[in-house]
**Student:** 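Sharing a structure with you now.
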There are 2 protein chains.
Amino acid sequence: MQVTKPKYLTMTPPKRSPCPISCTLDLIGDRWTLLIIRDMMFFGKQRFEEFLESPEGISTNILANRLRLLEELGLAEKQLYSNHSRRMNYQLTEQGKSLRPVLKVVTLWGLKHIDDTQIPRSHPTDADRSTESFEATEP
Amino acid sequence: MQVTKPKYLTMTPPKRSPCPISCTLDLIGDRWTLLIIRDMMFFGKQRFEEFLESPEGISTNILANRLRLLEELGLAEKQLYSNHSRRMNYQLTEQGKSLRPVLKVVTLWGLKHIDDTQIPRSHPTDADRSTESFEATEP
DNA sequence: AGATATAGCTTGTATAATGCAAGTAACTAA
DNA sequence: TTAGTTACTTGCATTATACAAGCTATATCT
């Protein structure tokens with residue numbers, strides 16, 4: 001598979017309809033994508049192995065697939081951590097960060113309507129890099 | 001398959017983790033469920049055949065499956081339309097209606113970040129039954 | 001009464017997505 | 001030189017989805 005340039009949201013997947021809900025679900029309407037975005041946004045995760053550590057237990061092939069899709073959608077960017085390592089660095093773009101209100105309202109709904117849910121505690125090492133709080137109200 | 005009583009959100013699907021985002025995705029993290037809720041909430045749709053008419057083109061087996069799941073989750077209720085007909089009547093419960101802020105923020109995100117999206121125009125006959133506006137701000 | 005239509009599904013089958021385990025490639029450190 | 005780290009890919013079994021067809025109970029028409 002030969003991917004040249006990241007595509008943008010304007011040109012990506014086939015729409016089922018022009019409805020904004022339907023179109024949004026075409027992008028992030030699955031059980032994993034928002035969790036990866038959560039990990040980047042609230043826990044400052046940036047590397048493949050870090051995403052694998054999340055308690056939901058994503059598998060490596062799904063993770064690789066979703067990271068590629070996020071890049072193609074322009075929601076995340078991939079960079080080399082340093083020039084002498086294979087280590088990669090995934091970060092949210094502005095587009096990706098714009099999903100914050102979505103994650104927030106989903107979080108609040110879950111906390112209120114599903115029993116035994118709680119905001120995960122991040123590891124100290126994760127918290128160091130986390131730029132945004134899970135609870136914070138405003139962008 | 002023998003389903004006795006509707007289950008409630010507290011006892012339904014296996015959690016991948018206690019994270020409220022993860023748990024919410026376990027319930028509605030697919031490409032169809034929120035569209036059915038949209039149809040009930042904003043377009044006043046109540047019947048099997050009405051859901052089939054939506055432009056995204058859900059298939060009958062998936063629709064039947066999701067309506068059953070929504071009932072099991074306590075997000076929707078199924079009733080007979082009248083006592084002399086097979087006609088069914090699906091309606092959101094209070095739990096289901098509580099997803100309104102989620103649909104709203106998803107709608108706004110889609111409108112702003114995905115090209116060529118627009119709020120669908122409902123048919124006059126649908127609008128008659130619609131209790132809530134797609135655009136309205138407050139519950 | 002018998003035929004046609006309507007509504008709400010179920011069933012069958014092909015294709016696609018997911019889950020799980022294992023393996024590979026490039027570099028890094030000892 | 002050897003072992004470890006990181007980011008994946010591959011293979012295969014299971015599950016979900018898409019598409020088409022069919023079925024059942026009532027409602028309506030003639």
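The sequence lines fix the lettering, A, B, ..., with proteins before strands; numbering per chain opens at 1.
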**Student:** Between Glu50(B) (CD) and dC9(C) (C1'), how many Å, whole number?
**Tutor:**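 For the pair Glu50(B) CD and dC9(C) C1', the rounded distance is 16 Å.
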**Student:** For Cys19(B) and Glu56(A), run side chain to side chain contact (heavy atoms under 4.5 Å, CB included): C-alpha distance rounded to whole Å, both residues' side-chain angles, the deciding distance at 0.1 Å, then the answer.
**Tutor:** CA-CA 9 Å; Cys19(B) 167; Glu56(A) 293 84 14; 3.8 Å; yes
**Student:** How many whole angstroms separate atom CG of Leu52(A) from atom P of dT5(D)?
**Tutor:**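 Atom-to-atom, Leu52(A) to dT5(D), this comes out as 15 Å.
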**Student:** Can you name the residues that form a side-chain contact (heavy atoms from CB on, under 4.5 Å) with Leu69(A), not counting sequence neighbours?
**Tutor:**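 Leu69(A) satisfies side-chain contact (heavy atoms from CB on, under 4.5 Å) with Asn65(A), Arg66(A), Glu72(A) once adjacent residues are dropped.
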**Student:** Which residues pass the side-chain contact (heavy atoms from CB on, under 4.5 Å) test with Val102(A), sequence neighbours left out?
**Tutor:**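 Once residues adjacent in sequence are excluded, the partners of Val102(A) under the side-chain contact (heavy atoms from CB on, under 4.5 Å) criterion are Leu99(A), Val106(A), Val105(B), Val106(B), Trp109(B).
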**Student:** So, Glu94(B) and Lys97(B), do they make that salt bridge, N to O below 4.0 Å?
**Tutor:**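 The answer is yes: the pair qualifies as a salt bridge.
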**Student:** Within this structure, what is the CD-to-C1' distance between Gln46(B) and dA7(C), rounded to whole angstrom?
**Tutor:**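 Answer to the nearest Å: 14 Å.
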**Student:** What is the distance, to the nearest angstrom, from the CG atom on Leu63(B) to the C1' atom on dC19(D)?
**Tutor:**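 Atom CG in Leu63(B) sits about 15 Å away from atom C1' in dC19(D).
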**Student:** How does each nucleotide of nucleotides 13-23 of chain C score, in 5' to 3' order, for protein heavy atoms under 4.0 Å: base (B), sugar-phosphate only (S), or none (-)?
**Tutor:** -----SBBBB-
**Student:** Expressed as a whole number of angstroms, how long is the span from Leu67(B):CG to dG8(C):C1'?
**Tutor:**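 Rounding to the nearest Å, CG of Leu67(B) and C1' of dG8(C) are 10 Å apart.
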**Student:** Quick one: list whatever passes side-chain contact (heavy atoms from CB on, under 4.5 Å) with Arg31(A), sequence neighbours left out.
**Tutor:**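 Arg31(A) satisfies side-chain contact (heavy atoms from CB on, under 4.5 Å) with Arg16(B), Asp26(B) only.
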**Student:** Heavy atoms only, 4.0 Å cut-off, all strands: where does Phe51(A) land among base, sugar-phosphate and nothing?
**Tutor:**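 Touches nothing.
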**Student:** How close or far is atom P of dG8(C) from atom NZ of Lys45(B), stated in whole angstroms?
**Tutor:**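 In whole Å, dG8(C) P and Lys45(B) NZ are 13 Å from each other.
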**Student:** Closer than 4.0 Å, any side-chain N/O of Tyr90(A) to the OP1 or OP2 of dT6(D)?
**Tutor:**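 Result: no.
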**Student:** Does Arg47(A) have a side-chain nitrogen or oxygen under 4.0 Å from the phosphate oxygens OP1 or OP2 of dA7(D)?
**Tutor:**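 Yes, Arg47(A) has a side-chain N/O under 4.0 Å of OP1/OP2 on dA7(D).
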**Student:** Hey, is the side chain of Lys78(B) poking within less than 4.0 Å of OP1 or OP2 on dC9(C), counting only N and O atoms?
**Tutor:**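 Answer yes for this pair, as a side-chain N or O of Lys78(B) is under 4.0 Å from OP1 or OP2.
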**Student:** Can you list the residues that meet the side-chain contact (heavy atoms from CB on, under 4.5 Å) rule with Gln91(B), with sequence neighbours excluded?
**Tutor:**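 Per chain and number, Gln91(B) pairs via side-chain contact (heavy atoms from CB on, under 4.5 Å) with Gln46(B), Gln79(B), Asn89(B).
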**Student:** Taking atom P of dA16(D) as reference, at what distance in whole Å does atom CZ of Arg68(B) sit?
**Tutor:**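 Arg68(B) atom CZ is separated from dA16(D) atom P by 12 Å.
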**Student:** If I take atom CD in residue Glu49(A) and atom P in nucleotide dA25(C), what distance separates them, rounded to the nearest angstrom?
**Tutor:**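 For the pair Glu49(A) CD and dA25(C) P, the rounded distance is 17 Å.
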**Student:** In chain order, what residues pass the side-chain hydrogen bond (donor to acceptor under 3.5 Å, both in side chains) check against Ser54(A), with sequence neighbours excluded?
**Tutor:**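 For Ser54(A), the residues satisfying side-chain hydrogen bond (donor to acceptor under 3.5 Å, both in side chains) (neighbours in sequence not counted) are Asp39(A), Lys45(A).
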